[in-house]
Every structure is written in C-alpha cells, then in structure tokens.
Engineer: 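Mind having a look at this structure? Questions to follow.
The chains referred to below are lettered A, B, ... by the order of the sequence lines, with proteins before strands, and numbering in each begins at 1.
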There are 2 protein chains.
Amino acid sequence: MKNNLKVERAIHNLTQADLAERIGVSRQSINAMEKNKYVPSTVLALKIAKLFNKSVEDIFFLDEND
Amino acid sequence: MKNNLKVERAIHNLTQADLAERIGVSRQSINAMEKNKYVPSTVLALKIAKLFNKSVEDIFFLDEND
DNA sequence: TTCAAATGTAAAACAAACTTTACATATAGA
DNA sequence: TCTATATGTAAAGTTTGTTTTACATTTGAA
C-alpha cells in the first residue's frame with residue numbers, strides 16, 4: 001500500500017509531529033507510514049482522512065503487493 | 001470503530017467464508033471484524049470497500065471509542 | 001425432523017502495528 | 001557558522017491483528 005501523507009501534510013502545513021499529535025499516535029508511527037514501513041490500522045486511516053477532509057481512498061492506495 | 005460488513009455481505013449474497021476468500025484472509029478474521037472484536041488493517045478495509053464498490057467510509061465508521 | 005451450511009467462539013501461536021528512548025542527519029534562518 | 005526544528009532510523013518492548021485448528025450453535029431447506 002502507498003499513501004499521500006507527505007503531500008497532504010504539506011498542503012495543510014503540518015509536521016510529522018503535528019500530525020501525530022492530532023491523530024494520537026507517535027511521531028515515529030507517522031514517519032514509518034510515510035516511508036511505507038507498515039500498514040496503519042483502519043482507525044488511523046479514517047482519522048487521517050477526516051483530518052484532511054478527504055476519503056481514505058484519496059490518501060491510501062492499494063498497490064501490486066496487496 | 002463499527003462497520004457494515006454484515007449488510008454488505010447480505011446485499012452481495014456472500015458468506016463470511018466467501019468474503020474471506022475474496023480478500024485473502026481467514027473466515028475467523030471476517031467474523032471477528034463483524035463482531036467488532038478487532039480493527040482490520042487499512043489494506044483489508046481498502047480491499048473490502050473495492051469489492052463492494054463503496055468507499056471505506058461507507059463501510060467503516062469511527063465511534064466514540066476512537 | 002434431519003442434515004448441511006453458516007456462524008460463533010476459543011486457545012495457541014505468530015506477525016505486524018505501535019510506543020518509547022535515543023541518536024544521527026538535514027535544513028533553514030539568525 | 002550556529003542553532004533550532006524537522007526528518008530518518010534503530011532497538012527493545014508491548015499490544016493487537018491474523019492464522020490455524022477445533023468444536024459448538026444456529027439456520028434453512030429437503
């Protein structure tokens with residue numbers, strides 16, 4: 001799975017730490033998500049999408065590995 | 001988090017085992033999701049939404065615990 | 001009522017998410 | 001250049017997702 005997190009953060013002018021705080025996870029979790037180190041839970045995806053006023057599908061994408 | 005899985009399965013006339021096979025997880029995982037025993041990964045949510053031609057938000061909902 | 005299919009559930013094991021701490025590197029502004 | 005802020009990364013530990021096996025219960029159709 002891939003994602004748009006870095007772009008969305010840029011649009012909203014948020015640091016990784018800002019985003020982490022807003023959705024209630026550690027900064028390292030955000031960093032790892034952006035670097036595709038792991039797949040977040042659906043709760044996190046929903047919270048992030050909500051924060052950015054987009055759908056989950058606008059931010060997270062299935063790829064050939066999925 | 002809550003979900004609509006049971007309804008969507010009914011609409012598409014799929015058993016838990018059918019759905020499990022379609023998205024590549026065990027039947028117990030589907031059952032546990034429906035019973036809100038755990039939160040699936042974003043990959044699973046995306047796959048399920050895609051299968052049902054809906055958005056993740058149409059099927060999975062944040063609740064007061066999130 | 002009987003039988004098969006579907007669902008619920010549970011325990012053990014393993015994999016993956018996520019946290020905490022800690023440090024290194026990059027970047028930009030004073 | 002110096003410093004503060006942001007990002008990358010790593011190891012160890014905890015929690016949670018997910019599988020496998022196995023069995024009990026429900027449901028519906030013959």
Side-chain angles (χ1 to χ4, degrees):
Chain A
M1 196 188 67
K2 294 181 178 171
N3 69 76
N4 253 351
L5 275 184
K6 193 170 180 176
V7 172
E8 289 296 326
R9 277 198 307 106
I11 292 172
H12 290 81
N13 201 33
L14 293 176
T15 67
Q16 292 180 346
D18 290 336
L19 176 55
E21 194 181 3
R22 296 285 204 95
I23 66 174
V25 294
S26 70
R27 179 180 68 81
Q28 285 75 357
S29 290
I30 299 296
N31 187 275
M33 272 179 234
E34 285 192 13
K35 301 299 246 178
N36 294 310
K37 294 278 181 63
Y38 68 76
V39 174
S41 75
T42 299
V43 166
L44 288 194
L46 287 169
K47 284 183 176 178
I48 291 171
K50 186 179 179 185
L51 180 63
F52 291 146
N53 285 308
K54 298 224 168 154
S55 72
V56 170
E57 281 87 349
D58 286 333
I59 299 172
F60 297 94
F61 318 95
L62 291 175
D63 66 16
E64 56 282 352
N65 307 316
D66 308 315
Chain B
M1 198 187 68
K2 293 181 180 174
N3 69 76
N4 253 349
L5 276 185
K6 193 170 178 177
V7 172
E8 289 297 326
R9 277 198 306 106
I11 292 172
H12 295 266
N13 202 32
L14 293 176
T15 67
Q16 292 181 344
D18 291 335
L19 177 55
E21 193 181 3
R22 295 284 204 99
I23 67 173
V25 294
S26 69
R27 181 180 66 81
Q28 285 74 358
S29 290
I30 299 297
N31 186 275
M33 275 179 231
E34 285 192 12
K35 300 300 249 179
N36 295 310
K37 294 279 181 63
Y38 69 78
V39 173
S41 75
T42 300
V43 167
L44 287 194
L46 287 170
K47 285 183 177 179
I48 291 171
K50 185 179 181 186
L51 180 64
F52 292 147
N53 285 306
K54 298 224 168 153
S55 73
V56 170
E57 281 88 347
D58 286 334
I59 299 173
F60 297 94
F61 318 96
L62 292 174
D63 66 16
E64 56 281 352
N65 307 316
D66 307 315

Engineer: Can you tell me which nucleotide in D/dG8, D/dA22, C/dC18 comes closest to the side chain of A/Pro40?
Structural biologist: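 Comparing D/dG8, D/dA22, C/dC18 against the side chain of A/Pro40, the answer is C/dC18.
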
Engineer: Table please: side-chain donor-acceptor pairs of residues 42-51 of chain A below 3.5 Å, with sequence neighbours left out.
Structural biologist:
{"from": "A/Thr42", "atom 1": "OG1", "to": "B/Pro40", "atom 2": "O", "distance (Å)": "2.8"}
{"from": "A/Thr42", "atom 1": "OG1", "to": "B/Ser41", "atom 2": "O", "distance (Å)": "3.0"}
{"from": "A/Lys47", "atom 1": "NZ", "to": "B/Asp66", "atom 2": "O", "distance (Å)": "3.0"}

Engineer: Return the minimal non-hydrogen interatomic distance between A/Arg9 and A/Gln16, and the atom names on each side.
Structural biologist: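 Scanning both residues completely, I find the closest heavy atoms to be NH1-N, 3.4 Å.
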
Engineer: With nearest nucleotides of DNA chain C determined for B/Ser41 and B/Lys6 from heavy-atom distances, which residue corresponds to the more 5′ nucleotide?
Structural biologist: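 Its nearest nucleotide lies further toward 5', so the answer is B/Lys6.
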
Engineer: Where is the tightest heavy-atom contact between A/Glu57 and B/Val56, given as atom of each residue plus distance?
Structural biologist: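 Heavy-atom minimum between the residues: OE2-N, 2.9 Å.
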
Engineer: Among D/dT7, C/dT9, D/dT18, which nucleotide sits nearest the side chain of A/Gln16?
Structural biologist: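 So the side chain of A/Gln16 is nearest to D/dT7.
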
Engineer: What does A/Ser29 touch in the nucleic acid at a heavy-atom separation under 4.0 angstrom: a base, only the sugar-phosphate, or nothing?
Structural biologist: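 Answer is base: heavy atoms of A/Ser29 come under 4.0 Å of a base.
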
Engineer: Test for a donor-acceptor pair under 3.5 Å between the base of D/dT7 and the side chain of A/Gln28, counting only N and O atoms.
Structural biologist: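 Donor-acceptor pair under 3.5 Å: no.
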
Engineer: Output yes when at least one side-chain N/O atom of A/Asn31 is less than 4.0 Å from OP1 or OP2 of D/dG8, else no.
Structural biologist: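 Checking D/dG8 against A/Asn31, a side-chain N or O does come within under 4.0 Å of OP1 or OP2.
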
Engineer: Using a cut-off of 4.0 Å on non-hydrogen atoms, how would the nucleic acid contact of A/Ser26 be classed: base, sugar-phosphate, or nothing?
Structural biologist: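 Base contact - A/Ser26 has a heavy atom under 4.0 Å of at least one base atom.
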
Engineer: Given atom CD of A/Glu34 and atom C1' of D/dA6, what is their separation to the nearest angstrom?
Structural biologist: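 Rounding to the nearest Å, CD of A/Glu34 and C1' of D/dA6 are 11 Å apart.
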
Engineer: Should A/Arg9 be listed as having a side-chain N or O under 4.0 Å from OP1 or OP2 of D/dT7?
Structural biologist: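 Yes, within the criterion.
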
Engineer: Check whether A/Asp18 reaches the backbone of A/Thr15 with its side chain - one donor and one acceptor, N or O, closer than 3.5 Å.
Structural biologist: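 The answer is yes, because a donor-acceptor pair under 3.5 Å joins these two groups.
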
